[in-house]
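One structure is given below, encoded as structure tokens.
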Amino acid sequence: MQFIILGAIVPDAQEENIIEIAKKTGAGSVTILHGKNIGLEEKKVFFGLTLEENVSILLFILPKKISTTIFKALKQELKLDSQKDKNGIVFTLPLTHLAGLDMDELELFEEEIKNEL
């Protein structure tokens with residue numbers, strides 16, 4: 001079975017929403033990293049405080065066959081086709097080597113996906 005890493009970098013406020021959408025469309029788990037979005041343009045200062053946006057980096061390891069469905073759902077939710085109202089970044093990376101997945105858990109996951117379709 002081939003696997004894909006699906007990544008989403010979104011404002012912290014969108015984190016729970018993105019997890020819920022990914023779960024509804026077939027994702028089983030997620031790894032979440034927290035960071036700051038610091039653009040290369042001049043930083044905004046408000047009352048002497050520098051404003052930086054906190055972001056969540058969500059990483060999903062998915063079977064290739066369901067990654068496209070989840071990618072499309074997240075792309076639509078984050079309005080990534082819009083020229084103005086984009087709310088994050090979604091990307092995929094191929095996984096060529098993978099160790100540590102519980103194969104019994106993976107088989108249960110595949111059965112759940114089949115039953116839902």
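The distance from the OG1 atom of Thr69 to the NZ atom of Lys65 is 11.0 Å, given to the nearest 0.5 Å. To the nearest 0.5 Å, atoms CG (Asp12) and CD1 (Ile32) are separated by 10.0 Å. For the atom pair CG of Leu62 and OG1 of Thr92, the computed distance is 10.0 Å after rounding to the nearest 0.5 Å. A distance of 9.5 Å separates CG of Leu6 from CG of Leu58, quoted to the nearest 0.5 Å. Note that CD of Gln76 and CZ of Phe71 are 12.5 Å apart. Values are rounded to the nearest 0.5 Å. For the atom pair His97 NE2 and Leu95 CG, the distance stands at 10.0 Å (nearest 0.5 Å).
Among Ile21, Asn17, Ile89, Thr25, the one residue that satisfies the side-chain contact (heavy atoms from CB on, under 4.5 Å) test with Leu74 is Ile21.
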message: Working note: Ile18 + Leu78, criterion side chain to side chain contact (heavy atoms under 4.5 Å, CB included); need CA distance, chi angles, decisive distance, verdict.
response: CA-CA 9 Å; Ile18 296 306; Leu78 295 170; 3.7 Å; yes

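Here the side chains of His34 and Asn54 are not in contact, with every heavy-atom distance at 4.5 Å or above. Put simply, the side chain of Thr68 does not reach to within 4.5 Å of the side chain of Ile4, judged on heavy atoms.
Nearest heavy atom pair, residue Phe60 against residue Ala27, reads CD2-CB, 3.8 Å.
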